[in-house]
Each structure stands twice: as structure tokens, then as C-alpha cells.
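Remarks on the structure that follows.
Letters go in sequence order (proteins before strands), and every chain restarts at 1.
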Amino acid sequence: MKNKTEISNTVEAALFSAEEPLSIKDLRGMFKPDDAPAADELNAILDQLASDYHGRGIELVSIANGYRFQTQVKYASALRRLRELRPPRYSRALLETLAIIAYRQPVTRGDIEEVRGVAVSTDIMRALLERGWVRQMGEREVPGRPALYGTTTDFLEYFNLASIQQLPELADQRDLAEIAKDLNILLPEPRQTSSEEAEPAVRDFEESIDSDENPVADVDRPIDSDTSTQPVADRIG
Amino acid sequence: MKNKTEISNTVEAALFSAEEPLSIKDLRGMFKPDDAPAADELNAILDQLASDYHGRGIELVSIANGYRFQTQVKYASALRRLRELRPPRYSRALLETLAIIAYRQPVTRGDIEEVRGVAVSTDIMRALLERGWVRQMGEREVPGRPALYGTTTDFLEYFNLASIQQLPELADQRDLAEIAKDLNILLPEPRQTSSEEAEPAVRDFEESIDSDENPVADVDRPIDSDTSTQPVADRIG
Amino acid sequence: MAEQPDQLPAEPKQSQRSPVLVAGEALQSWPEDLYIPPDALEVILKAFQGPLDLLLYLIRKQNIDILDIPVAEITRQYMEYVELMRRLHLDLAAEYLVMAAMLAEIKSRMLLPRPEIEDEDAEDPRAVLVRRLQEYERFRGAAEQLDSRPRLERDLYIAYARIDDPDPPKIESRVDLNDLVAAMKAAMLSAHRRQHLQLVPETFSVRDRMSRIMNRVRSGEYVDLKEFFDPDEGRMGLVVSFIAVLELVRDGVLIVIQNDPSAPIHVKSKER
């Protein structure tokens with residue numbers, strides 16, 4: 001592996017041939033030890049690649065601690081016409097449950113029920129676990145030792161997120177204390193949210209299964225390419 | 001779909017996102033009838049795309065029934081190292097087969113087919129036998145004397161299990177227990193597998209699962225300290 | 001899992017409504033401002049994700065700030081919806097009734113004079129409700145945002161190029177125990193689903209069994225009742241046979257005869 005073009009071409013070939021995002025570490029490991037480019041060099045190459053593809057049908061993005069090429073959102077409707085299967089659609093109940101897990105992880109089923117005001121259906125938890133978006137991360141150290149759930153790398157990959165921190169901030173809670181005073185309501189102490197409870201470090205591991213069946217899926221109304229949100233977050237560089 | 005760049009980008013995105021090579025006809029079908037470019041126009045676009053990628057890590061090739069992108073053969077050895085570093089994942093069919101053998105052993109192919117609802121391919125059985133995770137354990141004493149399969153000590157070693165009884169419990173029972181708790185129901189035999197899961201011949205085996213084991217802790221601990229944090233493609237093969 | 005509509009219908013506009021039959025009786029009182037095509041009513045009520053969702057709908061519909069809920073009015077509307085669900089025999093989750101009780105408590109508290117010294121430990125149920133509504137609303141919004149993110153399968157696809165390798169290596173894939181457990185669960189789930197699919201079709205039809213019995217007794221001879229009970233058909237088969245016999249007797253086309261209490265039971269066609 002000598003010159004920069006060869007390194008760049010190798011990286012390009014690797015990114016296109018892997019279905020999952022590749023990290024800098026993965027990319028370095030592909031070269032013979034003596035030839036392995038430094039992380040800085042790889043970053044520069046990734047930047048260059050991203051700009052090479054600027055304005056084309058595909059783009060290089062940073063997803064789940066790695067990099068992948070993906071099609072641009074604006075061409076989605078044409079690409080859907082190539083496919084027989086309609087994209088799956090998820091119920092509100094499932095999405096609300098997933099959102100609570102994503103923002104508040106690690107959470108127990110009880111935490112989720114507390115927010116939603118209804119029992120968490122076993123079907124939904126099962127669907128999320130089987131889809132590989134959610135995994136059990138341990139147990140809360142309280143009586144009954146309820147299972148704690150969190151999101152997976154597959155969740156990030158599916159929802160096009162570089163990391164969980166990239167989720168948009170939750171809507172502001174209006175200042176309850178102030179208005180409570182106006183209403184003459186005695187407010188209790190703010191309840192500790194589960195996200196603040198420090199959980200023992202949970203190591204990431206592969207949990208996902210590649211599922212082509214989707215228990216909660218239904219046909220989707222596709223979003224129009226022009227009404228969709230910003231194409232892809234975290235452009236490299 | 002107006003200008004040539006947009007058409008070209010759509011074609012590029014399609015070729016990269018399709019599992020199979022795409023023909024001119026496939027490509028035309030992706031556009032709305034009024035917008036569909038003529039075959040000549042598409043051929044010109046494909047020529048242009050091919051030359052855009054000239055000298056890069058991937059190339060556009062024409063094969064029997066269409067066009068597809070593939071990596072340049074000169075980078076094959078680097079990609080091999082990458083795959084060794086992060087081997088592609090087993091197919092879902094193989095994993096399910098292995099799981100059924102592990103949890104329900106000894107089983108015949110017919111037993112596996114009954115659970116999965118589809119025929120067990122010979123390739124999968126061969127792969128499992130070759131990998132040394134599964135072995136023939138005898139024959140069931142019924143007409144036809146079908147072979148009975150079970151897991152090997154290599155299987156236990158690979159998954160870091162002292163014995164087959166250490167396999168994590170399936171979550172169903174846990175869910176049941178949780179539901180029962182919510183409903184204030186006393187479950188008679190909380191650790192018993194639900195009857196619809198257990199074949200008579202297998203029930204004894206399942207009940208013998210060591211109840212001191214903590215299934216959740218097992219699930220949580222990465223088996224291989226080296227296990228990568230990213231899911232691996234199963235596209236290969 | 002049943003897919004549920006994600007959106008409630010547009011705000012009501014129609015003033016004149018035709019009577020709607022609910023469980024056989026005309027529905028007299030509609031929740032205020034609720035106009036829904038009658039056949040969609042059940043679907044719409046089911047679309048609420050729970051009591052918090054329903055309350056938010058009521059509050060939002062009237063442009064009321066969550067922090068300033070007119071408890072009495074909202075409680076009244078809430079109860080109308082809950083009553084409607086009950087009358088439609090919807091699966092009315094206990095949570096709705098718990099919420100109804102909570103609203104009633106708040107209402108009653110507000111009627112009482114405020115004590116001089118607040119009990120430090122007692123949470124004002126109104127504050128509790130407001131906080132829960134706010135919290136739920138935030139996550140409901142988060143779920144909508146999540147749903148609208150560009151995502152795989154719908155808005156974008158992974159760009160993939162096939163590996164051109166004349167001498168592909170034999171690579172042993174790596175699996176971890178979680179993959180194995182997940183695969184087992186998936187296999188069990190699909191087996192479970194198939195089982196249900198197989199049971200759903202009516203295997204034993206009473207009508208079909210009645211005609212089979214009539215064919216058997218057509219000759220006019222006495223037939224041992226036991227002939228119609230095939231143990232291989234399981235309990236369901238036995239029950240269906242028994243019901244079929246009873247139906248035929250009631251229709252007056254079959255006679256049941258037993259000579260003494262311990263004798264076998266015979267049936268015979270009534271027409272000579």
C-alpha cells in the first residue's frame with residue numbers, strides 16, 4: 001500500500017462492500033501492519049471521499065461510530081419503486097416505547113409505563129427486542145430486579161444516527177414551578193428520572209438479529225422526499 | 001425528474017441499493033412514466049457513470065442481465081483481511097437452526113422444520129456439522145429412523161458454557177412472570193416452560209436447566225471479550 | 001399486533017348527526033364536538049394510547065394550556081369518552097378508570113376549602129397530573145420526531161458494492177450467545193404464530209357435523225351415539241358433535257333413545 005490514492009481506493013472499496021458502518025479501527029485493520037495509515041490520515045481520506053461524493057446519488061455519512069455510504073434521501077421515492085415490499089410502518093405505541101427507551105435508557109418496563117400511563121404490551125417489547133433495536137442491559141438493583149432496557153447499535157443504524165446524543169432534544173418542559181405558584185399548587189420535589197441513575201457500565205455487544213420479518217410492520221405511507229427532514233446528520237468533517 | 005444530473009444520481013443510487021444487477025428496463029421502471037428517460041439516454045448515463053468511477057476503488061460493470069457496482073479486484077486481499085477481522089454474520093436461518101438444536105436436543109430435521117415452518121436446507125446442516133458445533137447423536141426410534149442431532153463440546157467451548165443447562169432461559173417465561181406480577185397473579189410454576197413450547201420428550205431437559213443461573217446476567221456478558229461492538233453484515237454468501 | 005391509526009380525524013364541523021346505533025341502542029349523548037363517521041368510531045377510540053393520550057387530546061382540542069386545566073370540564077368530557085368506550089364494549093383498560101378516579105379526586109379537592117397548612121407529604125394530585133401530562137407529551141413528540149427521521153428501508157438504503165474476489169476466503173462467522181438466544185426466540189415466536197394461524201380456521205363446523213350425522217342416520221336405523229364422538233378430534237370435536245346432535249333434536253329431525261340408564265344411547269332419524 002503505497003500512495004494515497006491506493007489507500008483511499010481501498011477504504012472506498014471496504015466501505016461499499018461492508019453492509020455495516022466501519023470504524024477507523026476497522027479500516028486500519030484492513031492494511032498490513034506496516035502499511036496501516038494513521039488515524040489522522042484516514043480521517044483526511046474520509047473527508048476527501050465525502051466531498052468526492054457531494055452532489056451525487058449517494059453520500060458518505062457517520063453512523064453508529066462508523067462510516068457508511070448510503071443513498072440520498074431525495075431519491076427514496078424512485079428507489080422504493082424498484083422494490084416490491086413497502087417499507088414497514090410502526091405503531092404509535094411502539095414508537096413511544098422506543099422513544100422513551102432511547103432517551104431515558106436504561107429504563108425498566110415500569111419506567112415506560114409511568115410515562116405512557118398504560119401497561120407496556122409484551123408484543124411491543126418483544127418486537128423491539130427482536131428487531132434488534134432494544135436490548136436488555138442488566139437489572140435495576142431494587143426489589144424484583146426489573147430488567148433494564150437500552151437501545152442498540154442497530155437502532156442507530158436504522159434511524160440514521162451517529163450516536164444516541166444526536167437525537168433531537170426533548171421539548172422543553174415549561175417552567176412548572178413558576179406557574180404552579182400562580183395556581184397556588186404545592187409542587188412536590190422533582191422526581192429523579194431514571195436516566196440520572198448511574199447504571200454500571202454496560203458493555204456494548206452485538207445483540208441484533210437480522211430480521212426480514214417484522215412483527216409490527218405495516219405498509220407505510222412514504223414520506224415525500226421534499227418533506228423529509230434534513231438529509232443526513234453529521235456529514236463528515 | 002428533470003435534468004440529467006438528477007437522472008444520473010437516481011440511477012447511481014439505484015445501482016448501489018439494489019441487491020441484484022439492474023437492467024435498463026429495471027432502471028426505466030423506477031421513473032414515473034412521463035419522466036422515464038429513453039434507453040439511449042440511460043446508456044449514455046451508464047457510460048458516464050462508468051467513467052466517473054474509473055480509477056476508484058469500485059467499478060460499474062455490465063454482467064449478463066444488467067449493471068452493478070463491484071469492488072476492484074486489486075483490493076480483494078485488503079477486503080479479505082477486513083472480513084477476517086469482522087466476519088460476516090450467519091444467516092438467520094442458520095442461527096435459528098442452531099438455536100433449536102441447542103435448546104431442544106436431541107432433535108430431528110423434521111423437528112426443526114416443525115418449529116421453523118420451512119424446510120431445513122442441507123447446506124445449513126452441513127455448515128453446522130462442518131463447523132463442529134452439531135453432531136449426530138443417534139436415531140429416533142420411529143419409522144424411517146431419522147437422525148437425531150445435538151450440540152458438541154466445541155459448541156459449549158465456543159459459547160463459553162460449562163454445560164448445555166447454562167443456556168440462557170428464553171425470555172417468554174420472564175415476561176409471563178412480569179405480567180403475573182402486574183396482575184397480582186400467583187404463578188404456580190414460574191420456571192416452567194409454557195406447554196406450547198415444550199414437546200413432551202424435551203420437557204425434562206428444559207426443566208433441568210439450572211435454576212440458580214441468572215439468565216439475564218448471562219445474556220449481558222459478552223462471551224468473547226474481543227467481540228466487536230458492531231453488527232456484521234450477512235450479505236456475503 | 002393491530003396497527004392503529006396514528007391520527008385523529010380533523011376537528012368536528014358537522015352539526016346535524018343521524019342517530020348511531022351502538023350495541024343495538026341509539027346513542028343519544030355524544031361527547032361534545034365529536035363528529036366521527038359511525039363505523040370509524042371504534043377505531044378512533046381505540047387509537048388513543050391511553051388515558052394520558054385521551055386527556056391530551058381533549059386539552060389540545062380546546063387549546064387549553066396543560067398547566068391550566070379546567071378540571072371539572074375536562075373530567076366531564078373524559079367521562080363521556082370512557083362511557084362511550086364502555087358502551088362500545090371496547091377493551092377498557094383499567095388505566096382509564098384509575099385516571100377517572102384521579103380526576104374525580106382532583107375535582108373534589110378543589111371544592112374543599114384549602115387547609116391553612118399544607119400537608120408536606122401530600123402531593124397535589126393536580127400537580128402530579130400536570131407533570132405526567134407534560135412528560136407524556138414530550139415523549140409523544142419525541143416518538144413523532146423519531147418516526148419522521150430519515151430511516152433505512154423507507155428513506156434511504158445502504159449503498160453496497162459486491163466484492164470481486166476470484167479466490168474468496170472461507171471465513172468462519174462469529175456468533176455470540178445473544179444471537180443464539182434471539183434466534184431461538186424468533187423461531188418460537190414464528191412457530192407460535194403459525195399455530196394460531198392453523199387454529200383460526202373453523203376446523204369443526206356444527207352445520208357440517210349436523211349434515212354428516214343426518215347422512216349417517218338416513219337409512220332409518222338406530223346409530224350408536226358414540227359413533228359421532230371421535231376421540232382423535234379432541235375436545236373441540238366432541239363438543240361440536242354433541243352440539244350438532246342437540247341442534248338436530250331441537251329441530252325435530254333426530255330422536256335420541258336410551259332404554260335404561262346404563263344402556264348405550266342411540267339416535268335415529270325422525271322421518272320414518
task = Answer yes when D53(C) and R92(A) have at least one side-chain N-carboxylate O distance shorter than 4.0 Å, and no when they do not.
result = yes
inquiry  = According to ring pair (Phe, Tyr, Trp, His ring centres under 6.0 Å), who are the partners of Y96(C), at least two apart in sequence or on a separate chain?
reply    = none
note = Interatomic distance, CZ@R116(A) vs CD@E135(C), rounded to 0.5 Å, equals 13.5 Å
note = For R68(A) and I158(C) the tightest heavy-atom approach is CD-CG1, 4.2 Å
query = Should we say atom CZ of R83(A) is surrounded by more than 12 heavy atoms from elsewhere, each under 6.0 Å from it?
reply = yes
Minimum heavy-atom distance between E114(A) and R132(C), given as atom pair plus value = O-NH2, 3.1 Å
ask   = Does Y90(A) have R151(C) sitting over its ring (NZ/CZ under 6.0 Å from centre, angle to axis within 45°)?
value = no
query = Nearest 0.5 Å, what's the CG-CG distance between N178(C) and L129(A)?
reply = 11.0 Å
inquiry  = Quick one, E153(C) with R131(A), criterion salt bridge (charged side-chain N to carboxylate O under 4.0 Å, His left out). Give me CA distance, side-chain angles, the key distance, then yes/no.
reply    = CA-CA 13 Å; E153(C) 293 185 300; R131(A) 201 68 180 72; 2.9 Å; yes
message = Working note: N160(A) + L156(C), criterion side-chain contact (heavy atoms from CB on, under 4.5 Å); need CA distance, chi angles, decisive distance, verdict.
response = CA-CA 9 Å; N160(A) 206 31; L156(C) 53 93; 3.6 Å; yes
note = Correct closest heavy-atom pair for A119(A) and E95(C) would be N-OE2, 2.9 Å
inquiry  = Quick check on the interface: out of V98(C), D164(C), L146(C), who has the most heavy-atom pairs with chain A under 4.5 Å?
reply    = L146(C)
ask   = Counting only heavy atoms not in R140(C), do more than 12 sit closer than 6.0 Å to its CZ atom?
value = yes
message = Please rank G141(C), A142(C), A161(C), A94(C) by heavy-atom pairs under 4.5 Å with chain A and give me the top one.
response = A161(C)
inquiry  = Whether the side chain of T71(A) engages the backbone of Y157(C) through a donor-acceptor N/O pair (distance < 3.5 Å, no angle test) should be reported.
reply    = yes
note = CZ (F139(C)) and CD1 (I112(A)) are apart, to the nearest 0.5 Å, by 10.0 Å
ask   = What residues form a ring pair (Phe, Tyr, Trp, His ring centres under 6.0 Å) with F159(A), not counting sequence neighbours?
value = W133(A), F155(A)
request  = Start with the C-alpha gap between F16(A) and Y160(C), add the side-chain angles, then the distance that decides, and say whether side-chain contact (heavy atoms from CB on, under 4.5 Å) holds.
outcome  = CA-CA 5 Å; F16(A) 274 116; Y160(C) 178 73; over 6 Å; no
task = With side-chain contact (heavy atoms from CB on, under 4.5 Å) as the test, would you mind laying out the steps for E96(A) and Y136(C) before giving the verdict?
result = CA-CA 9 Å; E96(A) 285 178 12; Y136(C) 176 63; 2.8 Å; yes
task = Provide the closest heavy-atom pair for A159(C) versus I58(A) in the form atom of the first, atom of the second, distance.
result = CB-CG2, 4.0 Å
task = Calculate, to the nearest 0.5 Å, the distance between atoms CD and CG belonging to E144(C) and L95(A) respectively.
result = 9.5 Å
message = Minimum heavy-atom separation for R138(C) and L170(A), please, with both atom names.
response = NH2-CB, 3.6 Å
message = For G50(C) versus V118(A), what's the shortest heavy-atom pair and its separation?
response = CA-CG1, 3.4 Å
message = For a side-chain contact (heavy atoms from CB on, under 4.5 Å) check, start with the C-alpha distance between R89(A) and R154(C), then their side-chain angles and the critical distance, and finish with the verdict.
response = CA-CA 9 Å; R89(A) 182 181 171 187; R154(C) 187 184 70 185; over 6 Å; no
